[in-house]
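Just so you know, residue 1 is the first one in the sequence shown, and it goes up from there.
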Amino acid sequence: MAPAAVDSSFKAHVAERFCTYEADRKATSKECVYTTSNGVPVPHPYEAQRLGNGPLLLQDFHLVDLLSHFDRERIPERVVHAKGSGAHGEFVVTDPCPDLCLADLFQEKGNKCSITVRFSTVGGESGSHDLARDPRGFSVKFRTNEGNWDMVANNTPVFFLRDPAKFPFFIHTQKRDPATHLTHADDSTHFWEYFSQNPESIHQVMVLFGDRGIPKGYRFMNGYSGHTMKLVNKDGDWVYCQFHMKSMQGIQFFTQEESANYSPDYSQKDLYEAIQKGDYPKWTLEVQTMTPKQAEELWETQKINVFDLTHIWPQGQFPRRKIGEFTLNENAINYFAEVEQAAFNPAHMVPGIEPSADPVLQSRLFSYPDTHRHRIGVNYQQLPVNAPRTAYMHANFQRDGSMAFFNQGARPNYLSSIDPVLFEPRAVDLDKTHGHFTGEAVTFLSQIRPEDFNAPRALWQKVFDEPARERFINNVSGKMASCPDKEILKRQIAIFREVDDDIAKRLEKATGIQGYDGIKNMQFNGTHNGMATDDKVKHANGINVSKCTSMTEDNGAPRMGMHNLGGN
């Protein structure tokens, strides 16, 4: 009897091989045969070829294959957000907003898309404690019909800095000491020295050492874009916006003392087990909006800078508007493939969502995809967890490189008139949607000013109740106890005094250290002191300002007339 006809063409091999990802993802061990990497069965994985009782044989490909892959199993750890957890789910539009945004996803009630979410701590290593007192990353990949939109957020509405060049240096202070190799859990000198030299960090420091500093797992925290973005509607009209993701489980936290009673992987376990038993966590997606003119007026009247990552928008003036809800209902089958390799990029925006002039956001638009290409490879977006899910076939001229699984066939790798690609018509007039900023190029470093203490002061006086204030003082003084340099702590207490003298007095009592009476006579190495009464201490690190001060009166805010938008 003749053997059954088998299609042995390369075409058939490709069709079979690249339709098996889901089959491989779900296959049980009993369905699989143990083989080498090139598919050859091996009778037993623990065997090795030897010359009698002598040395090993180089010809033993199975052993060489096994060890050489093992040596390369680890990809570079994320420099920040290394310790994380993730899951998959679905986003649903509950309240369409076509008046605000032309993104296809937001046009009709009931529109849905697949999502992947990754939560993380910020400063710790991949094996660190996920109940550390640290901000939490909260990144969402929305797989829309128009491509992937990545919301790269945190669980706090502000951050420690607003000058982009500070970010690498700040993160270094959260890592191990280069001499002792200790973290700031044992020696917090660098931790506090950075904050005491960069007082714009005070708002985030107060959030960090408040109750939100240790969420009770990832399900019980909010997410915030932090950065100001832009929404553009079909008419080309645009507004500034801030995104909020509100936990529908409510906000819960651990105290510093409680956190020590749980495993280093508590948040991972809590999220995984909740989804596994059908207790699916949910969040709302909400947005604050502001016109360019309002942004200019907000600086003029309240000294709130919408381009400043350390400032928040008053919700009484700019109320949140709900857009939709998302649910996490599917755990990763394989953590490495679906969470560790997940790559989020704030530059991934769909039509209708654009960046603002926030300088830290602008720097992240470069930094994130750059680190993904280093960590995972130039074709990282071909990985299933990162790949877009659209109604059309993608075409571009990004070819080749490491692990190019989908290399766009025989199509020309340039803009060909013989075999042209298709182009979508432009959705809006880009000349209209740009900010049209007026001004000249400047060398810029922000300065600390009185308004930088307004929001932290409100946090202490109006948001914290008395038990929360007591916990805050205990948390801060406890962290200060591992800093042997008293000068650093005197400076940090002085910064707290600018928020509220009550904080400084309580810390002085708790630590036994008398802080300075404020920052007016202090010079900082990381920021200009706009509150200085003596010009000798005004400029960062005592830099020579005979040719360039790098200071501006508006501190980088959108001053009146800056947008050049006429009546908009």
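- Between Arg320 and Glu286 there is a salt bridge, since a side-chain N of the basic residue sits under 4.0 Å from a carboxylate O of the acidic one.
- At distances below 3.5 Å, at least one donor-acceptor pair connects side-chain atoms of Thr156 with backbone N or O atoms of Val158.
- Here the CD atom belonging to Gln362 is positioned 5.5 Å from the CG atom belonging to Leu365, to the nearest 0.5 angstrom.
- Between Asp265 and Lys83 there is a salt bridge, since a side-chain N of the basic residue sits under 4.0 Å from a carboxylate O of the acidic one.
- At distances below 3.5 Å, at least one donor-acceptor pair connects side-chain atoms of Asp177 with backbone N or O atoms of Ala179.
- The distance from atom CG of Leu271 to atom OG of Ser85, rounded to the nearest 0.5 Å, is 6.0 Å.
- Asp500 places a side-chain N or O within 3.5 Å of a backbone atom of Asp502 that can act as its donor or acceptor partner.
- Between Asp534 and Lys538 there is no salt bridge, since no side-chain nitrogen of the basic residue lies less than 4.0 Å from a carboxylate oxygen of the acidic one.
- Geometrically, Lys479 engages Phe191 in a cation-pi contact, judged by NZ or CZ lying under 6.0 Å from the ring centre and within 45° of the ring axis.
- Judged purely by distance below 3.5 Å, without hydrogens or angles, the side chains of Asp187 and Thr189 pair a donor atom with an acceptor atom.
- A salt bridge does not link Lys175 with Glu125: none of the charged nitrogens is closer than 4.0 Å to a carboxylate oxygen.
- Neither side chain, Gln242 nor Gln288, offers a donor N or O lying under 3.5 Å from an acceptor on the other.
- Salt bridge status for Arg559 with Glu297: absent, with no side-chain N to carboxylate O gap under 4.0 Å.
- Salt-bridge annotation for Arg321 and Asp95: absent, with no side-chain N of the basic residue lying under 4.0 Å from a carboxylate O of the acidic one.
- A donor and an acceptor atom, one from each side chain of Gln492 and Ser196, are nowhere located under 3.5 Å apart.
- In this structure, a donor-acceptor pair under 3.5 Å is present between the side chains of Glu257 and Asn474.
- For the pair Lys166 and Asp163, the salt-bridge criterion is met [side-chain N within less than 4.0 Å of a carboxylate O].
- Atoms OG1 and CG, from Thr527 and Asn541 in turn, are 11.5 Å apart once rounded to the nearest 0.5 Å.
- Not counting sequence neighbours, Phe253 has no partner by the ring pair (Phe, Tyr, Trp, His ring centres under 6.0 Å) test.
- Judged as a side-chain hydrogen bond (donor to acceptor under 3.5 Å, both in side chains), and not counting sequence neighbours, Asn529 has no contacts.
- Summarising the geometry, atom CE belonging to Met206 is positioned 11.5 Å from atom OG belonging to Ser201; distances are rounded to the nearest 0.5 Å.
- The structure places CG of Asp270 at 9.0 Å from NZ of Lys216, a figure rounded to the nearest 0.5 Å.
- By the side-chain hydrogen bond (donor to acceptor under 3.5 Å, both in side chains) test, Arg457 pairs with Asn454, sequence neighbours left out.
- Looking only at atom types and distance, the side chain of Gln197 has a donor-acceptor partner in the side chain of Arg491 under 3.5 Å away.
- A salt bridge links Asp211 to Arg471: one of the charged nitrogens lies within less than 4.0 Å of a carboxylate oxygen.
- Side-chain contact between Arg375 and Gln341 is absent, with no heavy-atom pair separated by less than 4.5 Å.
- Every residue two or more places apart in sequence or in another chain was checked for a side-chain contact (heavy atoms from CB on, under 4.5 Å) with Pro168, and none qualifies.
- With Phe243 as reference, Trp149 is the one residue of Phe142, Trp313, Trp283, Trp149 to meet the ring-ring contact (aromatic ring centres under 6.0 Å, His included) rule.
- Using a cutoff of 4.0 Å between basic side-chain nitrogens and carboxylate oxygens, Asp452 and Arg162 are scored as salt-bridged.
- For Glu325 (side chain) and Leu285 (main-chain N/O), no donor-acceptor pair under 3.5 Å exists by modelled atom type.
- Counting only residues at least two apart or in different chains, ring pair (Phe, Tyr, Trp, His ring centres under 6.0 Å) contacts with residues 498-542 comprise His528-His539.
- When the side-chain hydrogen bond (donor to acceptor under 3.5 Å, both in side chains) test is applied to Glu77, the partners found at least two apart in sequence or on another chain are Ser126.
- Note that Lys462 lies outside the cation-pi zone of Trp460, set by a 6.0 Å cut-off to the ring centre and a 45° limit from the axis.
- Cation-pi geometry between Lys141 and Phe344 is met: under 6.0 angstrom from the ring centre, within 45 degrees of the axis.
- Every residue meeting the ring pair (Phe, Tyr, Trp, His ring centres under 6.0 Å) condition with Phe464, not counting sequence neighbours, appears here in chain and number order: Phe472.
- With 3.5 Å as the limit, one finds a donor-acceptor pair spanning the side chains of Thr116 and His88.
- Salt bridge annotation for Arg136-Asp130: absent, with no cationic side-chain nitrogen under 4.0 angstrom from a carboxylate oxygen.
- For the residue pair Thr173 / Glu193, no side-chain donor-acceptor distance below 3.5 Å is found, with atom types taken as modelled.
- Applying the side-chain contact (heavy atoms from CB on, under 4.5 Å) test to Val80 and every residue at least two apart in sequence or in another chain returns Phe167, Ile171.
- With sequence neighbours left out, the salt bridge (charged side-chain N to carboxylate O under 4.0 Å, His left out) criterion links Arg118 to no other residue.
- Distance check, rounded to the nearest 0.5 Å: CG of Asn521 to CE of Met531 gives 11.0 Å.
- With respect to the salt-bridge test (charged N to carboxylate O, under 4.0 angstrom), the residues Glu466 and Arg469 qualify.
- A donor-acceptor pair shorter than 3.5 Å cannot be found between the side chains of Asp358 and Ser356.
- With sequence neighbours excluded, no residue forms a side-chain hydrogen bond (donor to acceptor under 3.5 Å, both in side chains) with Ser363.
- Thr552 and Asp554 share a donor-acceptor pair across their side chains, judged by distance under 3.5 Å alone.
- Shown here are the ring pair (Phe, Tyr, Trp, His ring centres under 6.0 Å) partners of Phe159, two or more places apart in sequence or in another chain: Phe170.
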Practice task
Assess whether side-chain contact (heavy atoms from CB on, under 4.5 Å) is satisfied between Leu298 and Val306, documenting all intermediate values.
Solution key: CA-CA 8 Å; Leu298 193 63; Val306 299; 4.1 Å; yes
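- Under the side-chain contact (heavy atoms from CB on, under 4.5 Å) criterion, Pro157 pairs with Arg212, Tyr224, Ile312, sequence neighbours left out.
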